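Each remark here refers to the structure printed beneath this line.
Heads up: numbering here begins at 1 and tracks the sequence. Quantities reported herein were computed from a predicted structural model and do not represent experimental measurements.
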Amino acid sequence: MRIVHTLAELRAALAGAPAPAFVPTMGHLHKGHLALVRLARENGGPVAASIFVNRLQFGPNEDFDRYPRDLGRDCELLEGAGCDLVFAPDERELYAEPQTYTVQPPAELAGILEGAFRPGFFTGVCTVVMKLLQCLQPRVVVFGKKDYQQLMVVRGMVRQFALPVEVLAGETLRAEDGLALSSRNGYLSASERAEAPQLAATLREVHRQLAAGARDFVDVEGKAMERLRQRGWAPDYVAVRRRVDLQLPQAGLLDEEPLVVLAAAKLGRTRLIDNLER
Ligand code: PAF
């Protein structure tokens with residue numbers, strides 16, 4: 001596996017080779033990322049990954065500075081999963097000058113849910129993903145469903161800018177107790193880790209209520225948030241949305257429309273997100 005840090009090295013490594021399947025990451029990798037690498041591998045051709053903690057997508061009070069960085073460990077894991085090329089630029093390389101050209105995703109998709117609680121987050125994500133796609137020129141790019149809204153926002157960007165890349169979605173990997181794997185799980189104390197699967201349990205409970213015929217979403221969402229609050233969480237949202245565009249399901253079409261239930265909540269200092277498709 002080759003590891004390159006500069007755009008010049010990256011271009012040299014890509015020259016003459018078939019276009020790769022690409023997995024963008026911010027490092028601090030876990031089995032969920034490695035499953036995305038394997039999905040990229042199954043797609044045939046070389047596999048490339050990037051490791052870059054993207055300052056643009058962090059708010060001023062978020063965890064940019066304490067986001068764990070361990071390039072050696074991440075590269076070992078990537079190599080074990082079958083990655084061929086790692087692009088790990090530093091900030092001066094990727095943002096050699098202030099990134100004043102940005103990609104602004106539409107507010108109706110990117111200003112809701114995560115976007116409502118993390119202003120500018122999806123602008124930061126789209127801008128770096130657009131830039132990484134230009135740098136790597138991949139045939140396929142792989143995103144996890146764990147960041148469901150991110151996947152939708154990126155799909156929209158790829159479609160509307162007619163980017164010549166296919167977006168593949170990898171399923172969320174979970175620990176045995178149901179907790180979705182996430183780089184931020186490492187922030188949890190032992191007691192928080194024991195409580196953390198309750199976020200997924202809350203999503204399952206919302207699914208159970210929908211399956212049992214509940215149709216008052218505001219009520220279902222409110223009860224789910226209250227359940228989390230009573231257990232010591234600070235929920236940002238629990239939301240029943242249609243999968244196609246993350247908007248509110250239309251009352252009459254409820255049983256036909258594929259739905260997804262999404263949630264974000266803080267446990268202590270750690271903010272976790274999760275979702276479950278129906
Ligand atoms: O999902 C992530 O890890 C990041 O948002 C991404 C896609 C690598 C962009 O920085």
Do you see a donor-acceptor pair shorter than 3.5 Å between the side chains of [X] and [Y]?
X	Y	value
Thr202	Glu205	no
Gln198	Arg227	yes
Tyr95	Asn54	yes
Tyr237	Glu114	yes

Hey, what do you get for [atom1] ([X]) to [atom2] ([Y]), rounding to the nearest 0.5 Å?
X	Y	atom1	atom2	result
Ser183	His30	OG	NE2	4.0 Å
Arg231	Leu228	CZ	CG	8.5 Å
Cys126	Lys131	SG	NZ	14.5 Å
Leu188	Leu272	CG	CG	5.5 Å
Tyr67	Arg55	OH	CZ	15.0 Å
Leu262	Ile273	CG	CD1	8.5 Å

Please determine which of Arg241, Arg242, Gln247 meets the side-chain hydrogen bond (donor to acceptor under 3.5 Å, both in side chains) test together with Asp245.
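By the side-chain hydrogen bond (donor to acceptor under 3.5 Å, both in side chains) criterion, Asp245 pairs with just one of Arg241, Arg242, Gln247: Arg242.
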Between Leu36, Val153, Val129, Leu168, which is the residue that forms a side chain to side chain contact (heavy atoms under 4.5 Å, CB included) with Phe143?
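Filter result, single survivor: Val129.
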Below 4.5 Å, heavy atoms only, C-beta onward: do [X] and [Y] meet side chain to side chain?
X	Y	value
Leu77	Val37	no
Lys266	Trp233	no
Cys135	Leu7	yes
Val141	Val23	no
Leu179	Arg193	yes
Glu221	Val240	yes
Phe87	Leu94	yes
Val261	Arg278	no

Check ion pair Lys223-Glu226 (N to O, under 4.0 angstrom)
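Glu226 and Lys223: not salt-bridged.
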Salt bridge or not for Arg204 and Asp274, using N-O below 4.0 Å?
no
Check step by step if side chain to side chain contact (heavy atoms under 4.5 Å, CB included) holds for Gln57 and Val128.
CA-CA 9 Å; Gln57 71 191 70; Val128 81; 4.1 Å; yes
Indicate the atoms forming the closest heavy-atom contact of [X] with [Y], along with that distance.
X	Y	answer
Leu133	Leu163	CD1-CD1, 3.8 Å
Ser50	Pro24	OG-CA, 3.3 Å
Ala265	Pro235	CB-CA, 3.5 Å
Pro46	Asp84	CA-OD2, 3.3 Å
Gln149	Leu113	OE1-CB, 3.4 Å
Phe22	Ala49	CE1-C, 3.9 Å

Can you tell me if [X] uses its side chain to pair, donor with acceptor, with the backbone of [Y] under 3.5 Å?
X	Y	result
Lys146	Ala180	no
His33	Thr25	no
Glu192	Ser189	yes

Hey, any chance [X] and [Y] share a hydrophobic cluster, counting ILVMFWY side chains that come within less than 4.5 Å of each other, even indirectly?
X	Y	result
Leu39	Leu151	no
Leu14	Val47	no
Phe161	Phe122	yes
Phe121	Tyr187	no
Leu259	Tyr148	no

Salt bridge (Lys or Arg N to Asp or Glu O under 4.0 Å) partners of residues 63-74, not counting sequence neighbours, each pair once:
Asp63-Arg184
Listing request: all salt bridge (Lys or Arg N to Asp or Glu O under 4.0 Å) pairs with a residue in residues 132-145, at least two apart in sequence or in separate chains.
Lys145-Glu171, Lys145-Glu277
Kindly determine whether Val220 and Val218 satisfy side chain to side chain contact (heavy atoms under 4.5 Å, CB included), including the steps that lead there.
CA-CA 6 Å; Val220 171; Val218 178; over 6 Å; no
Under the salt bridge (charged side-chain N to carboxylate O under 4.0 Å, His left out) test, residues paired with Asp236 that sit two or more places apart
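Applying salt bridge (charged side-chain N to carboxylate O under 4.0 Å, His left out) to Asp236 gives Arg271.
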Taking atom CD of Glu76 as the centre, report whether more than 12 heavy atoms of other residues, nucleotides or ligands fall under 6.0 Å from it.
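Atom CD in Glu76 is not packed in, count stays at 12 or less.
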Would you say Gln160 has more than 12 foreign heavy atoms packed within less than 6.0 Å of its CD?
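Not buried by this count: 12 neighbours or fewer within 6.0 Å.
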Linking directly or through intermediates, with side-chain heavy atoms under 4.5 Å: list the remaining ILVMFWY members grouped with Leu181, chain and number order.
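Leu173, which link up through side-chain heavy atoms under 4.5 Å apart, make up the rest of the cluster.
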Contacts of His5 meeting ring-ring contact (aromatic ring centres under 6.0 Å, His included) (sequence neighbours excluded), chain-then-number -> none
Thr123: partners by side-chain contact (heavy atoms from CB on, under 4.5 Å), with sequence neighbours left out:
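Thr123 satisfies side-chain contact (heavy atoms from CB on, under 4.5 Å) with Thr102, Gln104, Pro105, Thr127 only.
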Worked check of side chain to side chain contact (heavy atoms under 4.5 Å, CB included) between Val206 and Arg208:
CA-CA 5 Å; Val206 170; Arg208 198 195 58 71; over 6 Å; no
For side chain to side chain contact (heavy atoms under 4.5 Å, CB included), just list the numbers for Met130 and Tyr101, CA-CA rounded to whole Å, side-chain angles, deciding distance to a tenth of an Å, and then say yes or no.
CA-CA 11 Å; Met130 176 67 101; Tyr101 286 62; over 6 Å; no
